[in-house]
Amino acid sequence: MAKKQLNSNTGARVSAQPRLHQRAREIQEYGTVNHMLPLDLEEPVRLEMTEQLNQLLADSMTLRDLYKKSHWQVAGPTFYQLHLLYDKHFAEQVELVDAIAERIQLLGGVSIAMAADVAETTQIERPPRGREEIPVQLSRLVDAHQVIIRGARELGRRASQLGDDGTNDLVVSQVLRTNELQSWFLSEHLVNVPLVEAKQASAAKGGA
């Protein structure tokens with residue numbers, strides 16, 4: 001057994017032995033806000049903003065993971081291009097997730113974090129565990145982006161109404177614009193155009 005020594009400052013017994021398996025009550029419950037920071041935002045405003053930001057966070061974390069699933073499981077002639085594109089978008093979503101979570105904490109709230117809680121909260125449809133065709137992967141990702149874009153627009157407008165300019169700036173300048181751009185990149189892959197030979201339009205009947 002590790003020998004205990006006296007702390008010279010407090011006189012309490014101390015030991016180098018790790019204190020394992022510790023549990024205690026939460027220091028802050030989910031769905032609350034605390035520590036009135038000098039933000040000039042009243043508690044009801046911060047409560048509403050953190051609730052909506054957590055919904056956006058749950059959806060963004062789901063989209064982030066959907067990109068990684070697609071990155072791992074993509075197959076077909078465009079494997080290399082989409083393998084890289086999916087991972088690029090994944091990395092950008094990682095940055096957004098961190099920014100949203102930090103905004104929630106900054107406002108005095110508690111950011112959602114664990115996969116089980118995210119799964120219970122997200123509005124994005126859950127994919128199967130197995131591999132899917134590329135068009136289905138792309139469609140799922142575009143649908144997920146639409147969920148986030150819709151939520152970001154609503155949250156941005158509401159934050160502006162409540163005077164929460166910081167949340168408005170984050171949601172519009174980072175979340176909305178990034179998701180719009182990523183959605184555009186994906187959507188262009190779903191356009192049905194010839195790969196090698198252009199289809200020539202047939203001449204109009206009866207002449208010009």
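The first residue of the sequence shown is numbered 1, and numbering continues consecutively from there.
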Assess whether atom [atom1] of [X] is packed by more than 12 heavy atoms of other residues, nucleotides or ligands within 6.0 Å.
X      : atom1 : result
Glu180 : CD    : yes
Glu133 : CD    : no
Glu29  : CD    : no

Do the ring centers of Tyr67 and His145 come within less than 6.0 Å of each other? yes
In terms of side-chain heavy atoms, does [X] have a donor or acceptor partner in [Y] at a distance below 3.5 Å?
X      : Y      : answer
Arg140 : Gln137 : no
Gln182 : Gln93  : yes
Ser160 : Asn168 : no
Gln28  : Thr32  : yes
Glu51  : Gln55  : no

What distance do [X] atom [atom1] and [Y] atom [atom2] have between them, rounded to the nearest 0.5 Å?
X      : Y      : atom1 : atom2 : answer
Leu155 : Leu53  : CG    : CG    : 5.0 Å
Leu66  : Met61  : CG    : CE    : 14.0 Å
Gln52  : Glu48  : CD    : CD    : 5.0 Å
Ile148 : Leu96  : CD1   : CG    : 8.5 Å
Arg153 : Arg150 : CZ    : CZ    : 10.5 Å
Phe90  : Leu63  : CZ    : CG    : 10.5 Å

Using a strict 4.0 Å threshold on nitrogen-to-oxygen distance, state whether Arg158 and Glu154 make a salt bridge.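 Not counted as a salt bridge, because no side-chain N and carboxylate O are separated by less than 4.0 Å.
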Decide, yes or no, whether a salt bridge links Arg103 with Asp164 under the criterion of side-chain N to carboxylate O below 4.0 Å.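 Looking at Arg103 and Asp164, the cut-off is met.
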Counting N and O atoms only, with roles assigned by atom type, does the side chain of [X] sit under 3.5 Å from a partner on the main chain of [Y], one being a donor and the other an acceptor?
X      : Y      : answer
Glu197 : Pro194 : no
Ser183 : Asn179 : no
Lys68  : Tyr86  : no
Arg46  : Asn34  : yes
Lys69  : Arg131 : no
Thr178 : Val175 : no

Hey, does [Y] have a side-chain heavy atom less than 4.5 Å from the side chain of [X]?
X      : Y      : result
Gln123 : Thr62  : no
Glu125 : Asp143 : no
Leu85  : Gln81  : no

State, to 0.1 Å, how close [X] and [Y] come at their nearest heavy-atom pair, and which atoms those are.
X      : Y      : value
Ala75  : Ile134 : O-CD1, 2.9 Å
Thr50  : Leu47  : OG1-O, 3.1 Å
Val172 : Arg177 : O-CG, 3.3 Å

side-chain contact (heavy atoms from CB on, under 4.5 Å) between His71 and His83, intermediate numbers included: CA-CA 5 Å; His71 168 79; His83 189 70; 3.0 Å; yes
Check step by step if side-chain contact (heavy atoms from CB on, under 4.5 Å) holds for Leu84 and Lys88. CA-CA 6 Å; Leu84 296 180; Lys88 177 179 182 294; over 6 Å; no
Hey, can you pull the donor-acceptor pairs under 3.5 Å for the side chains in residues 104-119, sequence neighbours left out?
residue : atom : partner : partner atom : Å
Gln105  : OE1  : Ser111  : N            : 2.8
Gln105  : OE1  : Ser111  : OG           : 3.1
Gln105  : NE2  : Gly109  : O            : 3.3

